[in-house]
Q: 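The structure is given below, and queries will be raised subsequently.
Start at 1 with the first residue, then count along the sequence. No experiment lies behind these values; they were computed from the predicted model shown.
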Amino acid sequence: LRDPNLEDVRKDVLKAVEQTIPMLARNPDDLIEFVKLIISQLAGRVERMGDTTRELLIRIGAEAPQHIAPVILKELAGIEDSEIRTCVLRYFTHTTPPPEYAAEVTETIVAYMLESPDPERECWQLEAALVKIGDTAAKRVKTAILASSDEARKAYLIRVIDQICFRGPV
């Protein structure tokens, strides 16, 4: 996967590797390295590889939910590119993080919403993750609303908290 000459078959290689996920899930160290590797494959390839990568992360999360959230959160801390961050964060729209990671996932998503130059466009899919988290997310979004001096950002966050309270477990 690290070979630049495999660009044309990279997606097929990742799909083939999907069959090994149950075996990888039995060895957390290998699983962590694999997650890091597939996330690193997004650099310059989000449009081509984003869906495949997210599908693999979802499959890994189904096999080893206790391992994937902390790895994704750690990897996100080092990702500067907003397109890659959004792509990886969208993993959480397809799953609910283990309770011990709900606050950190919430903080990461809300921080991204606060940093985004255009949260309406870049973050709308991430609202689903906050809805699944529910009460923890509602409290954090409320804090962000109260702390924000940007009226447009406040209006956006009010719509987010409305969705959390209307559709989430609060």
Side-chain angles (χ1 to χ4, degrees), residues 10-11 14-15 18 21 34-65 67-145 147-148 150-170:
R10 188 175 313 274
K11 194 173 188 176
L14 283 175
K15 285 187 177 200
E18 183 176 6
I21 290 173
F34 182 65
V35 170
K36 290 178 181 181
L37 176 64
I38 62 175
I39 290 173
S40 74
Q41 297 301 301
L42 290 170
R45 302 178 187 96
V46 172
E47 192 170 312
R48 288 188 312 260
M49 302 294 295
D51 291 341
T52 302
T53 300
R54 197 167 32 263
E55 288 168 17
L56 279 171
L57 292 174
I58 292 165
R59 178 86 162 81
I60 292 167
E63 291 286 334
H67 297 297
I68 194 161
V71 175
I72 289 176
L73 289 165
K74 185 175 180 182
E75 291 301 300
L76 280 166
I79 297 172
E80 298 283 328
D81 183 287
S82 67
E83 195 175 27
I84 295 173
R85 283 183 65 79
T86 301
C87 181
V88 175
L89 277 168
R90 280 193 214 140
Y91 162 78
F92 293 111
T93 67
H94 298 279
T95 185
T96 303
E100 62 269 26
Y101 294 104
E104 192 174 354
V105 169
T106 297
E107 185 59 40
T108 302
I109 292 171
V110 172
Y112 187 64
M113 289 175 164
L114 292 171
E115 295 166 5
S116 172
D118 188 1
E120 297 274 354
R121 185 182 60 80
E122 291 181 350
C123 302
W124 65 271
Q125 292 177 328
L126 301 176
E127 295 170 20
L130 297 178
V131 167
K132 288 180 183 186
I133 294 170
D135 195 51
T136 299
K139 289 175 184 173
R140 177 59 185 99
V141 172
K142 176 185 156 195
T143 302
I145 292 168
S148 180
D150 178 338
E151 292 302 318
R153 184 92 42 188
K154 276 186 179 183
Y156 170 72
L157 292 171
I158 288 169
R159 286 191 298 278
V160 171
I161 200 169
D162 180 59
Q163 288 301 308
I164 295 168
C165 292
F166 182 69
R167 297 179 18 226
V170 290

Q: Any sub-3.5 Å donor-acceptor pair from R85's side-chain atoms to L76's backbone N or O?
A: yes
Q: Using every non-hydrogen atom in the two residues, find where L37 and S40 come nearest and quote the distance to one decimal.
A: O-OG, 2.6 Å
Q: Please name the pair of heavy atoms, one in E122 and one in P117, separated by the smallest distance, quoted to 0.1 Å.
A: OE1-CD, 3.8 Å
Q: Testing V141, I158, V131, L130 one by one against Q163 for a side-chain contact (heavy atoms from CB on, under 4.5 Å), which residue passes?
A: V131
Q: Pair up each side-chain donor or acceptor in residues 50-64 with any protein partner under 3.5 Å, not counting sequence neighbours, and list the distances.
A:
| unit_1 | atom_1 | unit_2 | atom_2 | d |
| --- | --- | --- | --- | --- |
| D51 | OD1 | R54 | NH2 | 2.7 |
| T53 | OG1 | M49 | O | 2.9 |
| R54 | NH1 | C87 | O | 3.4 |
| R59 | NH1 | E63 | OE2 | 3.0 |

Q: Considering all heavy atoms of both residues, which atom of Y156 and which atom of W124 are nearest to each other, and what is their separation?
A: OH-N, 4.1 Å
Q: Taking the side chain as every heavy atom from C-beta outward, state whether R121 and S116 have any pair of such atoms under 4.5 Å apart.
A: no
Q: For the atom pair CZ (F34) and CD1 (I68), what is the distance rounded to the nearest 0.5 Å?
A: 10.0 Å
Q: Can you check whether V88 reaches E75 side chain to side chain, under 4.5 Å on heavy atoms?
A: no
Q: I need the T106 OG1 to K132 NZ distance, nearest 0.5 Å.
A: 13.0 Å
Q: With a 4.5 Å heavy-atom cut-off, do L157 and R153 have their side chains touching?
A: yes
Q: Just wondering, are more than 12 heavy atoms of other shown residues or ligands nearer than 6.0 Å to CD in E47?
A: no
Q: Heavy atoms only: give me the nearest S148-D150 pair and the separation to one decimal.
A: OG-N, 3.2 Å
Q: Where is the tightest heavy-atom contact between A43 and I84, given as atom of each residue plus distance?
A: CA-CD1, 3.7 Å
Q: Side chains of residues 91-99: which donor-acceptor pairs under 3.5 Å do they make with residues two or more places apart or in other chains?
A:
| unit_1 | atom_1 | unit_2 | atom_2 | d |
| --- | --- | --- | --- | --- |
| T93 | OG1 | R90 | O | 2.6 |

Q: Is there side-chain contact between D81 and L42, with at least one heavy-atom pair below 4.5 Å?
A: no
Q: Looking only at heavy atoms, which two atoms of G134 and I164 are closest? And how far apart?
A: O-CG2, 3.4 Å
Q: Atom OG1 of T136 and atom CD of E107: how far apart are they, to the nearest 0.5 Å?
A: 11.5 Å
Q: Can you tell me if NZ on K139 sees more than 12 non-hydrogen neighbours from other groups inside 6.0 Å?
A: no
Q: Rounded at 0.5 Å granularity, tell me how far CG in L89 sits from OG1 in T108.
A: 7.0 Å
